[in-house]
Amino acid sequence: MDVIEVLKTGMSTELWGMRFYQQAAARTLDETGKAVFETLVQEEQTHLDIICGQYAAVTSGQGCVSMARAKELAATVDPLDIFPEARAAEELIPAKATDEQALQMAMDFERRGYDIYAEAAAEAKEGDVKAMWEFLATAEDKHFAFLQETLEYLTTNGVWFFDDQELPFFEG
């Protein structure tokens with residue numbers, strides 16, 4: 001894929017992910033789960049800003065720019081102009097989905113984003129654009145791990161939390 005197509009794919013992924021997390025936060029009953037989704041909304045917005053700024057730079061003939069410059073240019077692109085169907089985002093999470101199912105769906109979003117960005121980073125030759133894709137791939141990977149730990153917390157009543165605090169007796 002060329003850089004514009006990858007940027008559009010990334011923009012779509014972040015936009016729909018952000019919408020998903022907004023809906024998940026609004027309907028999640030568990031306060032821990034709600035906080036996770038609200039944090040992810042903010043982070044997806046940051047990623048969307050970086051991608052929108054890169055898109056603005058590339059489509060205006062500037063080529064790829066640093067992430068700092070991309071953030072400065074972010075406001076010049078409205079992703080809803082490119083993906084108007086996202087304006088009327090229907091319910092992305094089925095009404096009967098549990099918090100755990102919503103977390104699984106979110107993990108799938110993050111896995112897809114990671115795959116897109118990791119592939120783009122592997123193919124990138126320029127320093128700034130390669131750094132951006134690597135940053136985004138790393139962020140998606142961290143989101144996945146965060147969601148996985150949250151899912152584990154919800155399904156095991158917090159056992160993973162204590163794994164970091166206390167060592168089993170046979171380890172000393």
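Position 1 is the first residue of the sequence, and the numbers go up from there.
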To the nearest 0.5 Å, what is the distance between [atom1] on [X] and [atom2] on [Y]?
X      : Y      : atom1 : atom2 : value
Gln22  : Arg27  : CD    : CZ    : 15.0 Å
Trp16  : Glu85  : CH2   : CD    : 6.0 Å
Arg112 : Glu140 : CZ    : CD    : 11.0 Å
Thr9   : Glu14  : OG1   : CD    : 11.5 Å

Minimum heavy-atom separation for [X] to [Y], with atom names?
X      : Y      : value
Ala25  : Glu38  : CB-CG, 3.7 Å
Pro79  : Leu48  : CG-CD2, 3.9 Å
Ala137 : Ala118 : CB-N, 3.9 Å
Gln54  : Ala70  : N-CB, 3.8 Å

Do [X] and [Y] touch side chain to side chain, with heavy atoms closer than 4.5 Å?
X      : Y      : value
Met105 : Pro94  : yes
Glu100 : Thr155 : yes
Ile51  : Thr13  : no
Met107 : Glu110 : no
Ile82  : Lys8   : yes

How would you list, by chain and number, every residue that makes a ring-ring contact (aromatic ring centres under 6.0 Å, His included) with Tyr114, sequence neighbours excluded?
none

Sequence-distant partners of Phe109, ring-ring contact (aromatic ring centres under 6.0 Å, His included), two or more places apart
Phe20

SB check Asp108 Arg111 (cutoff 4.0 Å):
yes

Report yes or no: does Gln42 contribute a side-chain atom to a donor-acceptor pair with the main-chain N or O of Thr39 at less than 3.5 Å?
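No, because the side chain of Gln42 does not come within donor-acceptor range (under 3.5 Å) of the backbone of Thr39.
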
Between Lys71 (side chain) and Ile50 (backbone), is there a donor-acceptor pair under 3.5 Å?
no

Can you list everything that forms a side-chain contact (heavy atoms from CB on, under 4.5 Å) with Gln62? Sequence neighbours excluded, please.
Ala57, Ser60, Val65, Arg69, Leu73

Can you list the residues that meet the side-chain contact (heavy atoms from CB on, under 4.5 Å) rule with Val58, with sequence neighbours excluded?
Val3, Ile4, Leu7, Cys64

Any ring-ring contact (aromatic ring centres under 6.0 Å, His included) pairs touching residues 115-134, not counting sequence neighbours?
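Of all non-adjacent pairs touching residues 115-134, those that pass ring-ring contact (aromatic ring centres under 6.0 Å, His included) are Tyr117-Trp133.
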
Taking side-chain hydrogen bond (donor to acceptor under 3.5 Å, both in side chains) as the test, write out the residues that go with Asp81, two or more places apart.
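With neighbours one apart ignored, the set is Arg87.
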
Test side-chain contact (heavy atoms from CB on, under 4.5 Å) applied to His47 and Met11, Met18, His143, Met132, the passing residue
His143

